[in-house]
Amino acid sequence: MDLYSYFYSLVKQIPPGRVSTYGALARALGDIRASRACGVMLSQNPDAPRIPCHRVVMSDGSLGGFTHPEGVKKKIERLRAEGVSVENGKVVDFHEILFEDFHTDYPLKALREEQEKLKERVKLEDDFSLGAVGGVDVSYSGRWAYGVLVIMSSPFEVDMVVRGKFRVDFPYIPTYLAFREEPIISSLLSRFDRELILLVDGNGIMHPRFFGLASHIGVKNDVPTIGVAKSQLLGSVVEDKVFVNSRHVGYFVKSGRKRGIYVSPGHRVSLETSLEIVRQYLKHKNPEPLRLAHIYANEFRRSG
DNA sequence: GCGACAG
DNA sequence: ATCTTGTCGC
Ligand SMILES: [Mg+2]
């Protein structure tokens, strides 16, 4: 699913003389949670003003951002040329000229259904051999992605580093992270032959559909995975356990100087074992394979 | 108005 | 995540 292309074709549906909103476009994609991603994709508009990003404003009729050497002034100018006035930073007659009637198939709805389907294949029992432990992370510059897989044969011995540069066709949207990063990480994994347990920068079953990035990668590649997130996507923390809809899905682990990390099994690993393995590799805030993958991915992006 | 929103 | 075009609920 090339969500960038799909999104730009939605934006082209907004007629001259009308405006739409980031939220309306997000709902046309299939989830209001994508509203921020709509702003990000517009900021990366490859063909303005043919893709009329100047016709997208905030839900209260105020202008929102505009990436241009002349700034938001250019947005006002392009709207005015189409007969849309802006006064006191707000679109005049906003509710009258608001366009929300997008022709769409709601692609994010289909992706939620894909998550629900693949979820049936998640196994939350230990099913791996004690071999290498890997960590993956991805760094970005615009639509370029720099992925790194670090393999450690034991704590704390780096065995191998795999790197790859990719073009992404999906933005970051909360709860849809896998559709952005899974293709990148699967490609890196295909270049490593041996057995491993993979630590992933994101959640396993700590997810509204119990199918986060780590589970997605695990199921698609038939690899044991553990999700390790730096912040809380959802759920409630009681002592060191995290619950989603009263189901125990993972742990909050105090680590580093302040706060901590959120650990949840992805695939082929039990709740308890996911915690045990992460703890074995904990020297800083993040377990070592992830900490190194993060550092190497940033170096890769900045240098080549 | 402020915080929440995996990365 | 990067250096940045949001929305909703409390
Ligand atoms: Mg990351």
Side-chain angles (χ1 to χ4, degrees), chain A residues 7-8 11 14 19-27 29 31-45 48-49 51-68 70-76 78-79 89 91 115 136-148 168 170-182 184-185 199-217 225-236 242 244 249-250 252 260-264 266 286 290 293-294 297-298 301-302:
Chain A
F7 173 75
Y8 292 135
V11 176
I14 309 167
V19 297
S20 192
T21 69
Y22 306 99
L25 281 161
R27 286 190 292 269
L29 286 176
D31 196 326
I32 186 61
R33 278 187 259 220
S35 58
R36 251 183 153 171
C38 290
V40 170
M41 290 189 285
L42 289 175
S43 77
Q44 300 171 339
N45 186 356
I51 298 169
C53 57
H54 59 281
R55 295 176 195 152
V56 184
V57 301
M58 299 187 72
S59 61
D60 64 352
S62 57
L63 279 182
F66 198 67
T67 306
H68 189 279
E70 296 172 43
V72 76
K73 165 186 162 194
K74 195 72 185 174
K75 188 170 187 173
I76 298 170
R78 285 186 178 158
L79 285 170
V91 170
Q115 289 174 327
V136 272
D137 197 15
V138 186
S139 181
Y140 296 92
S141 177
R143 288 180 64 174
W144 288 106
Y146 301 81
V148 172
V168 293
F170 204 99
Y172 168 68
I173 304 171
T175 73
Y176 301 86
L177 174 61
F179 298 103
R180 178 171 173 83
E181 296 202 344
E182 178 277 325
I184 294 165
I185 293 168
L199 304 183
V200 177
D201 184 26
N203 289 314
I205 63 171
M206 197 180 290
H207 183 274
R209 289 170 288 284
F210 307 102
F211 197 71
L213 174 62
S215 299
H216 207 123
I217 292 165
T225 58
I226 298 168
V228 180
K230 297 179 288 297
S231 64
Q232 193 179 344
L233 173 61
L234 81 173
S236 46
V242 182
V244 172
V249 293
F252 173 69
I261 53 178
Y262 298 82
V263 178
S264 61
N286 253 342
L290 276 181
H294 182 76
N298 278 318
R301 168 172 56 85
R302 287 195 265 258

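Below, read A as the first sequence line, B as the second, and so on, with proteins coming before strands; counting in each chain starts at 1.
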Close side-chain approach of [X] to [Y], heavy-atom, < 4.5 Å:
{"X": "V40(A)", "Y": "R36(A)", "answer": "no"}
{"X": "I217(A)", "Y": "V200(A)", "answer": "yes"}
{"X": "L79(A)", "Y": "L63(A)", "answer": "yes"}
{"X": "I14(A)", "Y": "V19(A)", "answer": "no"}

Heavy atoms under 4.0 Å, any strand shown: does [X] hit a base, just sugar-phosphate, or nothing?
{"X": "Y146(A)", "value": "nothing"}
{"X": "C38(A)", "value": "nothing"}
{"X": "I32(A)", "value": "sugar-phosphate"}
{"X": "G23(A)", "value": "sugar-phosphate"}

All pairs passing salt bridge (Lys or Arg N to Asp or Glu O under 4.0 Å) where residues 203-213 of chain A contributes a residue, at least two apart: none
Distance in angstrom units between Y176(A) OH and dC5(B) C1', rounded: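 Rounded to the whole Å, the gap is 13 Å.
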CE of M41(A) versus C1' of dG6(C): gap in Å, rounded? 12 Å
What's touching nucleotides 1-4 of chain C from the protein side, N or O pairs under 3.5 Å?
from   : atom 1 : to      : atom 2 : distance (Å)
dA1(C) : OP2    : K230(A) : NZ     : 3.2
dT2(C) : OP1    : S139(A) : OG     : 2.9
dT2(C) : OP1    : N298(A) : OD1    : 3.3
dT2(C) : OP1    : R301(A) : NE     : 3.2
dT2(C) : OP1    : R301(A) : NH2    : 2.9

Rounding to an integer number of angstrom, what distance separates dT4(C) and dC5(B) when you compare their C1' atoms? 15 Å
Are OP1 or OP2 of dC8(C) and a side-chain N or O of R27(A) less than 4.0 angstrom apart?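 So the side chain of R27(A) is within the cut-off, an N or O lying under 4.0 Å from OP1 or OP2 of dC8(C).
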Which ranges of DNA chain C pair up as stems, where a stem means three or more consecutive Watson-Crick or G-U pairs with both distances under 3.5 Å?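 Stem list for DNA chain C: B:1-5 with C:6-10.
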Which heavy-atom pair separates Y8(A) from M41(A) by the least distance, and what is that distance? OH-O, 2.7 Å
